[in-house]
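Single-structure report; data block below.
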There are 2 protein chains.
Amino acid sequence: MSTDSSAATPPNDALGYLLKHAALRLATLTDASLTPLGIDSKDLGAIRVLARREPTSQLQVAQTLGIDRTTMVALLDALERQGLVTRQPDPDDRRRNLVELTNVGTETYEAGEAIRKAVEAEFLTPLDQGDGEQLRDALRALMAAPDAH
Amino acid sequence: MSTDSSAATPPNDALGYLLKHAALRLATLTDASLTPLGIDSKDLGAIRVLARREPTSQLQVAQTLGIDRTTMVALLDALERQGLVTRQPDPDDRRRNLVELTNVGTETYEAGEAIRKAVEAEFLTPLDQGDGEQLRDALRALMAAPDAH
DNA sequence: TATTGTTATACTCTATAACTATA
DNA sequence: TATAGTTATAGAGTATAACAATA
């Protein structure tokens, strides 16, 4: 059985519940729409960091996304296997791998971002015009606040 | 973490990223504040369902929360061990357990909800007055939409 | 001695399958 | 046959510890 959070019963207006289930539902929708590209929303997040076209080590990507560097290994293994990224030792510090998007990776990034935005727009249709951007602004303000991890 | 994300490195404004990390941060804060009560935010969610004081089976609680019935077993085991809930076979259908809050469970519910609300208020302080409730309203509207699958 | 990437391992969370007792 | 609760198990997902190469 799936997690049918829209069961019959009453509204749970605890903010944590709402945030968690909204995140889960949007991730499910996005992952489903990204499958033709062979990636999921987590892969797209890593690709988005690399799309800045600045020399980036694996550790920097991991820290930007807030995940462990050991988790990054398998994630990049998959992207490299798909030909979306390359890894080269940094000439200035050979402990580091410089990770870069390939041309295919860049194309996948652009296609993936288009899909993500379309899914977000669809997800936000229950809201009135402008309320979607206000939701995003509010979340951005919360995450920019101090005492982040 | 660096702060050089001026123009070339835009913040990650993917809605899924923002929702997920906001949910994680609020859950971490809430769980930390609930520890004196011996429960976490997931326990409080189950207790909240039971606080309606309607005869409720384990399956009903699980479905309301959108979790599997097998997951509910261990959750209620812990709450029962702490003396917060009781389980009795339903006289009308002895396959079912009727789950009820004890007096201690009711006290814990009230204390827990007070803590949750205080943590939410603190979490929302970066937002202007009223924007917090608008955030909650927007999320409620999204989760009420019949758009599953 | 510290850091980056890697591997192996463990832990958490949750779901699936199978069993029981009831219906 | 079907359902509620339980148990055992498996599968993601992710973190911790140890190790090699490099600084």
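Quantities reported herein were computed from a predicted structural model and do not represent experimental measurements. Just so we're on the same page: letters track the sequence lines, and every chain starts at 1.
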Results of side chain to side chain contact (heavy atoms under 4.5 Å, CB included) for Asp77(A) - residues two or more places apart only
Val73(A), Arg81(A), Arg87(A)

Give the rounded distance in Å between these two atoms: [atom1] of [X] and [atom2] of [N].
| X | N | atom1 | atom2 | result |
| --- | --- | --- | --- | --- |
| Met72(B) | dT3(D) | CE | P | 20 Å |
| Gln63(B) | dA15(C) | CD | P | 13 Å |
| Leu75(B) | dT12(C) | CG | P | 16 Å |

Indicate yes or no: at least one non-hydrogen side-chain atom of Leu101(B) is less than 4.5 angstrom from one of Arg53(B).
yes

Taking the side chain as every heavy atom from C-beta outward, state whether Glu100(B) and Leu50(B) have any atom pair closer than 4.5 Å.
no

Let me check something: do Leu65(B) and Leu59(B) share a hydrophobic cluster, defined by ILVMFWY side-chain heavy atoms less than 4.5 Å apart, either directly or through other members?
no

Indicate, with yes or no, if Leu98(B) and Val61(B) share a hydrophobic cluster defined by side-chain heavy-atom contacts under 4.5 Å among Ile, Leu, Val, Met, Phe, Trp and Tyr.
no

Within residues 83-99 of chain A, residues whose heavy atoms come under 4.0 Å of DNA chain C:
Arg87(A), Arg95(A), Arg96(A), Asn97(A)

Using the test salt bridge (charged side-chain N to carboxylate O under 4.0 Å, His left out), find all partners of Arg94(A) that sit at least two apart in sequence or belong to another chain.
none

Contacts of type salt bridge (charged side-chain N to carboxylate O under 4.0 Å, His left out), residue Asp90(B), not counting sequence neighbours:
none

Compare side-chain N and O positions of Gln60(B) against OP1 and OP2 of dA4(D) and report whether any pair is under 4.0 Å apart.
no

Going 5' to 3' through nucleotides 9-18 of chain D and flagging B where a protein heavy-atom sits under 4.0 Å of the base, S where only the sugar-phosphate is that close, and - otherwise, we get -----SBBBB

So the ring-ring contact (aromatic ring centres under 6.0 Å, His included) pairs with at least one residue in residues 15-37 of chain B (sequence neighbours excluded) are Tyr17(B)-His21(B)

